[in-house]
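What follows is a set of notes on a single structure, which appears directly below.
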Amino acid sequence: MPKEVDLFVIGAGSGGVRAARIAAGYGASVMIAEEYRVGGTCVIRGCVPKKLLVYASRFADEFEDAAGFGWTVPDAKFDWPTLIANKDREIARLEAAYSSTLERAKVSVAKSRAVIEDPHTVRLLATGETVRAKHILIATGGAPHNGAEIAGLQHVISSNEAFDLKELPRRILIQGGGYIALEFAGIFNRLGSEVTLVYRGDNILRGFDDDVRAHLRGEMEKRGIKIVTKQIVTAVEKVEHGFCVDLSDHESFTVDQVMFATGRRPNVKGLGLEKVGVRLGETGAIEVDRFSQTSVPHIYAVGDVTDRVNLTPVAIREGHAFADTVFGGKPTPIDHTDIATAVFSEPEVGTVGLTEAEARAQLARVDIYKTVFRPMKATLSGRDTRTFMKLVVDGSTDRVVGCHMVGPDAGEIIQMVGIAVKLKAKKADFDLTMAVHPTAGEEFVTMREKASSWTREAAE
Ligand SMILES: Cc1cc2nc3c(=O)[nH]c(=O)nc-3n(C[C@H](O)[C@H](O)[C@H](O)COP(=O)(O)OP(=O)(O)OC[C@H]3O[C@@H](n4cnc5c(N)ncnc54)[C@H](O)[C@@H]3O)c2cc1C
């Protein structure tokens, strides 16, 4: 007789672990399968190791900036293998913590790839065992997608491998203009690599506010990152000392490492979804409704495999809401609006709400407030850098519909501003809020002069 459970979760990442734990808390019998490492992308090869590498890279500027404040820092030396070993230790600690959380919640963990055999049966490939489940949750996440086949693609690494390089590349070419490409460009640049970023579009960070994109690009270039836009990598060839990379305009670069961060695809291949009739969208993502229910009523999907908003807190929230809905008797839809997010590039980006372009497309009147200033720390350090901040306001209601920042601590600042935006705060509320001085964040509540005003009638 196959084992029977109330819930079988496929994938022990951000969404799956949360859903399993909460469902078990409601009294459901739960089994979760993980084919790689418990914790998923975020813990093992995403947010967490990435942020640790970002911290490491930022010491370079700290050492340099210290001189202006009276410090003499002896020649600082960096050792990549030490960083990677320490990062690995922390990841292993977190993985163990996730496993014991599941154990404490009485979730049974199968270290195996799982596939759907029939609408209520899942097979564990490691043992061949089958498990009958009343409900199935697919939380298999996504994986790097290196784009179209080109000569030498086998030499290219993705973010997965970048976390485990044996040595710091002296020269690296990164293809991509999204947040993962930019974060790794910043990490390698600050750690001392020569970085070339190649992106097919006309500017980096598509989908973000245009002023943010322009400002960040300028700051990254100031730090010595070579940014090549409107080009793609057409071939990668192994040469004696590294790789020769050809671009579409026939320019070529010789580097020690080539990394693509050209997007991620939902992990649906070979899962058996077609067999049971789970519908996929055009991008290959699992189609779900507001409750994360798929086209098969007892099968749900959360996180990156649904390609809604691919961020850890979103996957966690979706997993929690699924458990509340199905096992807690509290139908909980997910609200994907006004999600604050950060790009841990150098400098950092923090953003929430609408871009100026989106606001113009949706609203009749848009007021813009923005400021560019030298961060206080840069006065004594002498670093050539500027912080950028912008508010997008609905000119008809005075509601702040977008906040954007490029500068130190932008992620931390935007998390808090995100509450005000979620509460539908007006510009007048921002103005009423007393500043915390001297901070960068205070600029969000002290911008008085409109930089521009746009009305639909005037534009038409
Ligand atoms: C480099 C990088 C940096 C990132 N940085 C951030 C950040 O700073 N902030 C942020 O919010 N988000 C970040 N993300 C995104 C974040 O990691 C994901 O949005 C999040 O992990 C999605 O969670 P999930 O539960 O959907 O899937 P995942 O966490 O990917 O978990 C899915 C799990 O399912 C397993 N699996 C897949 N198929 C099967 C199968 N058939 N059987 C068993 N197991 C299976 C996988 O091995 C994996 O462990 C980053 C991602 C990357 C790649």
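Read the numbers this way: they start at 1 and go in the same order the structure lists the ligands and their atoms. The analysis underlying the following values was restricted to heavy atoms, covering all of them including side chains, and did not include hydrogens, waters or symmetry mates.
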query = Are any of the side-chain nitrogens in Glu346 or Arg58 under 4.0 Å away from the carboxylate oxygens of its partner?
reply = yes
query = Salt bridge or not for Lys424 and Asp338, using N-O below 4.0 Å?
reply = no
message = Tell me the protein heavy atom at minimum distance from atom 35 (C) of ligand 1, and give that distance in Å.
response = Glu34 OE1, 3.3 Å
request  = Identify the protein heavy atom lying closest to atom 44 (N) of ligand 1, giving its residue, its atom name and the separation to 0.1 Å.
outcome  = Glu35 N, 3.1 Å
inquiry  = Within the 4.0 Å heavy-atom shell around Gly40, which atoms of ligand 1 are there?
reply    = 29 (O), 31 (O), 49 (O)
inquiry  = Looking only at distances, can you tell me whether any N or O atom of Arg113, backbone or side chain, sits closer than 3.5 Å to an N or O atom of ligand 1?
reply    = yes
For atom 31 (O) of ligand 1, the protein heavy atom that lies nearest, with its residue and separation = Gly13 CA, 3.3 Å
message = Tell me if the CZ atom of Arg213 is crowded by more than 12 foreign heavy atoms within 6.0 Å.
response = yes
Carboxylate-amine/guanidinium contact Arg383 Glu64, below 4.0 Å = yes
query = What residue and heavy atom of the protein are closest to atom 18 (C) of ligand 1, and at what distance?
reply = Asp304 OD2, 3.3 Å
query = Quick one: which of Lys50, Arg264, Arg308 has a heavy atom closest to atom 5 (N) of ligand 1?
reply = Lys50
query = Does an N or O anywhere in Ser159 fall below 3.5 Å from an N or O of ligand 1?
reply = no
task = Would you mind checking if Glu356 and Lys390 are paired as a salt bridge, meaning a charged N to carboxylate O distance below 4.0 Å?
result = yes
query = Can you find an N or O of Gly39 that's nearer than 3.5 Å to an N or O of ligand 1?
reply = no
task = Specify side chain, backbone, both or neither for Leu271, according to which of its non-hydrogen atoms lie closer than 4.0 Å to ligand 1.
result = side chain
query = Should Glu90 and Arg93 count as an ion pair when the cut-off is N to O under 4.0 Å?
reply = yes
ask   = What's the shortest distance from atom 15 (C) of ligand 1 to any protein heavy atom, and which residue and atom give it?
value = Tyr179 OH, 3.6 Å
task = Just say parallel, tilted or perpendicular for the rings of His298 and His120, cut-offs at 30° and 60°.
result = parallel
key: N/O separation below 3.5 Å, Asn267 to ligand 1   = no
request  = Would you check the N or O atoms of Phe184, main chain and side chain alike, for any that come under 3.5 Å of an N or O of ligand 1?
outcome  = no
